[in-house]
There are 2 protein chains.
Amino acid sequence: MSVHKLENPRRNVADTAEPLGFRPLYRQVKAIFVRRLVDGVWAPGESLPSEGQLATEIGVSQGTVRKALDELAAENLLVRRQGRGTFVAEHDERRILFQFFKLVHDDGERRFPDSTVLGVETGKADESEYVALDLDGEADVIRIRRLRSLDAVPIILETLTLPQRVFPGLEAGPIPNNLYSLFAARYGVTIANARERLKAVALDADEASQLAAPVGTAALRIDRIAFSLDGSPVERRLSICLTKEAHYLSDLR
Amino acid sequence: MSVHKLENPRRNVADTAEPLGFRPLYRQVKAIFVRRLVDGVWAPGESLPSEGQLATEIGVSQGTVRKALDELAAENLLVRRQGRGTFVAEHDERRILFQFFKLVHDDGERRFPDSTVLGVETGKADESEYVALDLDGEADVIRIRRLRSLDAVPIILETLTLPQRVFPGLEAGPIPNNLYSLFAARYGVTIANARERLKAVALDADEASQLAAPVGTAALRIDRIAFSLDGSPVERRLSICLTKEAHYLSDLR
DNA sequence: GAGTGGTCTAGACCACGAT
DNA sequence: TCGTGGTCTAGACCACTCG
């Protein structure tokens, strides 16, 4: 039944000494599942086979499958719903809002900002870009510049840098507000997590005119690198944010 | 053996309809453990009885105890070490550095900043303080103002506000660099988590002189509220941070 | 009622750390 | 060698969702 080679499917008397490290069975099972997500065998929104089916298919107990699925759910890659099944997570607005959008209006409400694209261009990566995206110096990138507004008030000036190799042709089409959903649907690239570095800066002349604020106004500069399922950086996003009526919310747990 | 009243120790035929909600056994067990942490029955650094001992004591299976302990470990309240045992988490420098201190030098190294206390005072909470700490308007608070430096460079101007009721006499003694450790040791108050709100601001004259930077320099303003084990806010910490050589690091998962 | 994930149990064995 | 937490299994039953 099982078509997967699992290390040490049963550690028995005849085992030679383990060379180094030990990989529990449920992590090997998890790796199989991650591979299916990366390969698109299981696509966003789809429901997975039941725990029991997966267990017999792979040849382990249901408890082992459960532990693998639980870890993937904890990483927001799967969504489990009692009585319904297990589903591949989607980058719908709600998920983005809670997982990837930390700028919240001071009134406490989370809202999804509108976007106006200011420009799209392609070119060679500059140093900060190829370092961030782990590219070589001659790599081509796509740059998208857009202005984002909450309640029609411009609040974020955003510059995205994407490796052209990963997203060929993206520069030609329309740029949707929800990019991560497009990455998944059109390129099979799932954004799994991101790292943001924040600094306070003063607006320069260009930023000031775009954001309709005085030159020199203090603003939040967010330098985000987003990673795909396989751990490689696939997006760099530099945001300049006004924080007069909004703040960056960070939960420390 | 068990001295704890567990709801529905066994759901059986005679059960009347459940009124509302359902509380799994392992969460009830977890609540017992949290209570022991709050009451100081299990103090920071101490080792807990083994899973088996706890299971027989409470009268549930080892697997149920395990699930409760696993959740507490995931919340950084316990530390589990294979082969050694389960321990109550301490607020040592390393934990603080990773869990509660997000300002990182641009070179990527995490270092614990030095502190110089500028002043300690007591008084009535102002509005922002009693709102943050969920106090009534007449409550007394302790305020600590200090300057924190990385590599001898002043980088954070910090104002702490603490409810005097929770930390009586704290204003009289010396203020250590690691306050959370003091909270635990002297007042039995464990900081479990915190919420930070960030904005970009321009330095005023006072802040500028303390931080040895020009008036109007863009700086990061971090408004932290820290919560104790029982979920009540016990510290408000307002930090003004220079981000010329450091940044706030936020991982989105 | 059928099917799904969620809980709970009991028991065997493994990896790790200290003795 | 022993005690600890970690893994894995098998099976029973519960809570939730949907047809």
Side-chain angles (χ1 to χ4, degrees), chain A residues 2 6-31 33 46-74 78-89, chain B residues 2 4 6-33 46-74 78-89:
Chain A
S2 167
L6 299 177
E7 307 158 9
N8 311 321
R10 180 134 325 254
R11 264 160 295 281
N12 52 36
V13 191
D15 266 0
T16 57
E18 300 265 346
L20 261 180
F22 159 65
R23 190 128 160 278
L25 194 49
Y26 73 87
R27 286 215 191 265
Q28 300 175 44
V29 173
K30 183 181 170 188
F33 295 164
E46 284 182 14
S47 83
L48 270 56
S50 75
E51 295 180 350
Q53 290 172 337
L54 290 169
T56 43
E57 182 212 334
I58 298 178
V60 298
S61 80
Q62 184 175 341
T64 300
V65 166
R66 164 178 295 279
K67 194 149 186 185
L69 293 177
D70 279 344
E71 284 206 355
L72 291 168
L78 298 178
V79 177
R80 316 197 73 185
R81 275 179 285 199
Q82 183 174 151
R84 298 195 51 197
T86 303
F87 303 81
V88 182
Chain B
S2 167
H4 308 278
L6 298 177
E7 307 158 9
N8 311 322
R10 184 138 318 261
R11 265 159 295 282
N12 53 36
V13 192
D15 266 1
T16 58
E18 301 264 347
L20 260 181
F22 158 65
R23 194 136 157 270
L25 194 48
Y26 74 87
R27 286 214 192 265
Q28 300 174 43
V29 173
K30 182 183 170 187
I32 293 172
F33 294 164
E46 284 182 14
S47 83
L48 270 56
S50 74
E51 296 181 348
Q53 290 172 338
L54 290 169
T56 42
E57 181 212 335
I58 298 177
V60 299
S61 79
Q62 183 175 341
T64 300
V65 166
R66 166 178 294 279
K67 194 150 184 183
L69 293 177
D70 280 344
E71 285 206 355
L72 291 168
L78 298 178
V79 178
R80 316 198 74 186
R81 275 179 284 197
Q82 182 173 145
R84 297 197 49 198
T86 303
F87 302 81
V88 182

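Just so it is clear: chains get the letters A, B, ... in the order the sequence lines come, proteins before strands, and each one is counted from 1. Side-chain atoms are counted along with the backbone in the values below, which use heavy atoms only and exclude waters and symmetry mates.
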Student: What closest approach, in Å, do B:Tyr26 and B:Ala68 show between heavy atoms, and which atom pair accounts for it?
Tutor: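 Closest approach of B:Tyr26 to B:Ala68, heavy atoms only: O-CB, 3.5 Å.
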
Student: For A:Leu54 versus A:Pro49, what's the shortest heavy-atom pair and its separation?
Tutor: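 Shortest heavy-atom separation between A:Leu54 and A:Pro49 comes out as CD1-O, 3.6 Å.
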
Student: Taking atom C1' of D:dT9 as reference, at what distance in whole Å does atom CG of A:Leu54 sit?
Tutor: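 Going from A:Leu54 (CG) to D:dT9 (C1'), I get 17 Å.
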
Student: Could you check how far CD of B:Gln62 sits from C1' of D:dC8, rounded to whole Å?
Tutor: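 It is 13 Å, rounded to the nearest whole Å.
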
Student: Working to the nearest 0.5 Å, report the span between CD of B:Gln53 and CD of B:Gln62.
Tutor: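 If we round to the nearest 0.5 Å, B:Gln53:CD and B:Gln62:CD are 10.5 Å apart.
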
Student: Please enumerate all residues that pass salt bridge (Lys or Arg N to Asp or Glu O under 4.0 Å) together with A:Arg80, with sequence neighbours excluded.
Tutor: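 A:Arg80 satisfies salt bridge (Lys or Arg N to Asp or Glu O under 4.0 Å) with A:Glu51, A:Asp70 only.
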
Student: Find the distance between CD (B:Glu71) and CG (B:Leu69) and round it off to the nearest 0.5 Å.
Tutor: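 Here the interatomic distance stands at 10.5 Å.
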
Student: Between atom CD of A:Glu57 and atom OG of A:Ser50, what is the distance when rounded to the nearest 0.5 Å?
Tutor: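 OG of A:Ser50 is found 10.5 Å from CD of A:Glu57.
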
Student: Roughly how many Å is it from CZ in B:Arg27 to P in C:dG6, rounded to a whole number?
Tutor: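 Going from B:Arg27 (CZ) to C:dG6 (P), I get 12 Å.
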
Student: Can you list, in residue-number order, the parts of residues 64-72 of chain B that come under 4.0 Å of DNA chain C, counting heavy atoms only?
Tutor: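 Hits under 4.0 Å, by residue number: B:Thr64, B:Lys67.
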
Student: Of all heavy-atom pairs between A:Pro24 and A:Phe22, which one has the smallest distance, and what is that distance?
Tutor: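 Answer, listing the atom of A:Pro24 first, then A:Phe22: CD-O, 3.5 Å.
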
Student: Rounded to the nearest Å, what distance is computed from the CZ atom of residue B:Phe22 to the P atom of nucleotide D:dC16?
Tutor: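 These atoms are roughly 8 Å apart.
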
Student: Could you check if a side-chain atom of A:Leu48 sits within less than 4.5 angstrom of a side-chain atom of A:Phe33, using non-hydrogen atoms only?
Tutor: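 No, too far: nothing below the 4.5 Å cut-off.
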
Student: Separation of A:Leu25 atom CG from D:dT7 atom P, in whole Å?
Tutor: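 So the CG-P distance, A:Leu25 to D:dT7, works out to 11 Å.
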
Student: Could I get a table of every N or O pair under 3.5 Å where one atom is in the protein and the other is in nucleotides 1-4 of chain C?
Tutor:
from  : atom 1 : to      : atom 2 : distance (Å)
C:dG3 : N2     : A:Gly83 : O      : 3.0
C:dT4 : O2     : A:Gly83 : N      : 3.2

Student: From C-beta outward on B:Arg80, which listed nucleotide comes closest to its side chain: D:dC8, C:dT7, D:dG5?
Tutor: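 The nucleotide sitting nearest to the side chain is D:dG5.
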
